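Presented below is the structure to which this report refers.
Values below: all heavy atoms of this structure, side chains included; hydrogens, waters and symmetry mates excluded. None of the values given here were measured: they were computed from a predicted structure.
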Amino acid sequence: VTSKTLDNPTHVLPELLQNADDIGGSCTEVSIELTEDMLVFRNHEEPMSVENVEALGAYTKSTKRGNLDSIGHFGIGFKTVFSLTESVYVHSGFFSFRYSAADKTVPEPVAREELPVTNEKYYDGTTIALPLSSEAQKNRRGILEEQLSSIGSLLPFLNHIDTITVSVFGEQKTFHAAPSEAGGVEITCEQGEEQISSERLRIFSNSFEPGEELLALIADKRNLDSDTLQEQTPNVEIEVAMPLDADGAPGSLDESHLFCYFATEPNTHLPFHIQADFSLKPDRKHIIWPDEFNRALLAQVADVFETAFI
């Protein structure tokens, strides 16, 4: 993992969301608050285990190391938070501690009242607070604003999280995914008591077992242990999101995109979105091309499309 990767604020929200989604169990809701000088991320219901806490600060250790389905839970990707802050505060269950940019691997215990303040002795789920550095406030906060404005687009591709509440400078919106009566999933956005947008999608997916060469690329890309992956029978998943009309029939898209949780910028002009764990350029707005890993992912689209319509 390069210093450029760790100093890239575009990775922070995707990493935190994937971490929360990996938890599973009763954790189906997250809330994200952005202010002038703070980013606070909360997942609800499921606090961290002792094993999670021990793994959080280690670059080369993760509680899910070698697991291709739930990768990097509070692992390497968590270190990207230091692209936004000098100290990150973590409150989970009865644990309260922080990491500093000066020593990213050694947690320092803090009072439960520190960032954010609470009168409770127990944190329901996990709260991660990032006091924004002066550099982040000046040059990087806008990246978070842009990502938060489109965060509802991630919901169809998350496994457990179905509700994301976002507050940006006091303006709150709630994005929710639920099964649609006409089939598929309906993604809604509410502000106050008013529903301001709604979209219906049907998700089709396919997985394939990567060969030895591609497996080595995956291990390098995700900083996983190659030998551990070789001992498993890992599968790589690719998803297609097809728009539906009010009756559940295939609809149309004004624009379609490749997603790696957040959409990349180019319009693919396809009648559906494609979600996969693509290798991305640092801005996360474009996939790397040419790239053998991305080529292998896109080669599966025809099989997913066949599953959807045949």
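- Among all heavy-atom pairs drawn from Arg42 and Pro116, the shortest one is NH2-CG, 3.7 Å.
- Hydrophobic clustering (ILVMFWY, side-chain heavy atoms < 4.5 Å, transitive): Val88 and Ile32 are in one cluster.
- Put simply, the side chain of Ile151 reaches to within 4.5 Å of the side chain of Phe262, judged on heavy atoms.
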*Begin with the C-alpha distance, continue with both residues' side-chain angles, and end with the deciding distance and a verdict on side chain to side chain contact (heavy atoms under 4.5 Å, CB included) for Val166 and Phe175.*
CA-CA 8 Å; Val166 173; Phe175 301 89; 4.3 Å; yes
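- Here the straight-line distance linking atom CG of Leu144 with atom OG of Ser149 works out to 11.0 Å at 0.5 Å rounding.
- Ile288 and Ile274 are members of different hydrophobic clusters when ILVMFWY side chains are connected at heavy-atom separations under 4.5 Å.
- When all heavy atoms of Tyr89 and Leu115 are compared, the closest pair comes out as CB-O, 3.6 Å.
- Looking at heavy atoms from C-beta onward, Thr126 lies out of side-chain contact with Asn19 at the 4.5 angstrom threshold.
- Summarising the geometry of His160 relative to Cys27, their closest heavy-atom pair is CB-O, 3.9 Å, with the distance given to 0.1 Å.
- Arg141 places no side-chain N or O within donor-acceptor distance of the main-chain N or O of Leu34, the cut-off being under 3.5 Å.
- Under the 3.5 Å distance criterion, the side-chain polar atoms of Ser180 are left unmatched by any main-chain donor or acceptor of Glu186.
- Taking OG from Ser205 and CD from Glu237, the interatomic distance works out to 4.5 Å, rounded to the nearest 0.5 Å.
- For the pair Val110 and Ser96, the minimum side-chain heavy-atom distance is below 4.5 Å.
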_Quick one, Val12 with Leu130, criterion side chain to side chain contact (heavy atoms under 4.5 Å, CB included). Give me CA distance, side-chain angles, the key distance, then yes/no._
CA-CA 11 Å; Val12 174; Leu130 312 181; 4.2 Å; yes
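- Side-chain contact between Glu29 and Glu45 is absent, with no heavy-atom pair separated by less than 4.5 Å.
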*Begin from the C-alpha positions of Arg140 and Glu135 and carry the test side chain to side chain contact (heavy atoms under 4.5 Å, CB included) through to its verdict.*
CA-CA 7 Å; Arg140 298 184 170 189; Glu135 167 66 18; 4.1 Å; yes
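- Looking at Asp21, its side chain does come within 3.5 Å of a backbone N or O of Ile161 through a donor-acceptor pair.
- In this structure, Val304 and Glu239 have side chains that are not in contact, with every pair of non-hydrogen atoms separated by 4.5 Å or more.
- Leu17 has its side chain within reach of Phe41: a pair of non-hydrogen atoms, C-beta onward, lies under 4.5 Å apart.
- For Asp291 (side chain) and Phe293 (main-chain N/O), a donor-acceptor pair under 3.5 Å exists by modelled atom type.
- If you chain together hydrophobic residues whose side chains sit under 4.5 Å apart, Leu244 and Leu270 never meet in one group.
- Considering CD of Gln275 and CG of Leu158, their distance stands at 8.5 Å, rounded to 0.5 Å.
- Nearest heavy-atom pair, Ala246 versus Arg200, reported as atom, atom and distance to 0.1 Å: CA-NH1, 3.9 Å.
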*asked:* Determine whether Leu280 and Thr10 satisfy the following criterion, side chain to side chain contact (heavy atoms under 4.5 Å, CB included), listing intermediate values before the conclusion.
replied: CA-CA 11 Å; Leu280 299 175; Thr10 65; over 6 Å; no
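- In this structure, Ser92 contributes its side chain and Gly125 its backbone to a donor-acceptor pair below 3.5 Å.
- A donor-acceptor pair shorter than 3.5 Å cannot be found between the side chains of Arg112 and His91.
- Considering all non-hydrogen atoms of both residues, Thr188 and Ser198 come closest at CG2-OG, 4.0 Å.
- Applying the side-chain contact (heavy atoms from CB on, under 4.5 Å) test between Leu258 and each of Leu297, Ile287, Asn267, Asn294 identifies Ile287 as the sole match.
- Note on Leu298 and Phe208: same hydrophobic cluster, where clusters join Ile, Leu, Val, Met, Phe, Trp and Tyr whose side-chain heavy atoms are under 4.5 Å apart, directly or indirectly.
- Taking both residues in full, the closest heavy atoms of Ile238 and Gln300 are given as CG2-CB, 3.7 Å, listed atom of the first, atom of the second, then distance.
- In this structure, Phe97 and Tyr99 have perpendicular ring planes: the angle between them is above 60°, well past the 30° mark.
- In this structure, OG on Ser207 lies 10.5 Å from CG on Asp303, to the nearest 0.5 angstrom.
- Criterion: ILVMFWY side-chain heavy atoms under 4.5 Å apart, direct or through other members. Under it, Val30 and Val185 are part of a common hydrophobic cluster.
- Contact of the Gln172 side chain with the Thr165 side chain is registered, since non-hydrogen atoms from C-beta on lie closer than 4.5 Å.
- The backbone N or O of Phe169 lies less than 3.5 Å from no partner atom in the side chain of Thr35, so there is not a single donor-acceptor pair.
- Here CG of Leu201 is found 7.5 Å from CG of Leu253. Values are rounded to the nearest 0.5 Å.
- The environment of Glu213 atom CD is sparse: at most 12 non-hydrogen atoms of other residues, nucleotides or ligands sit within 6.0 angstrom.
- A distance-only check finds a donor-acceptor pair linking the side chain of His257 to the backbone of Thr264 [under 3.5 Å].
- Looking only at distances, no side-chain donor or acceptor of Glu190 sits under 3.5 Å from a matching main-chain atom of Thr174.
- With rounding to the nearest 0.5 Å, the separation of CG in Asp277 from OH in Tyr261 is 6.0 Å.
- Phe259 and Phe157 have tilted rings, their planes meeting at an angle from 30° to 60° on a 0 to 90° scale.
- Checked against a 6.0 Å centroid threshold, the rings of Phe272 and Phe204 do not count as neighbours.
- Using a 4.5 Å cut-off on side-chain heavy atoms (C-beta onward), Glu265 and His286 make contact.
- Within the 3.5 Å criterion, the main-chain N or O of Pro131 finds a donor-acceptor partner in the side chain of Thr85.
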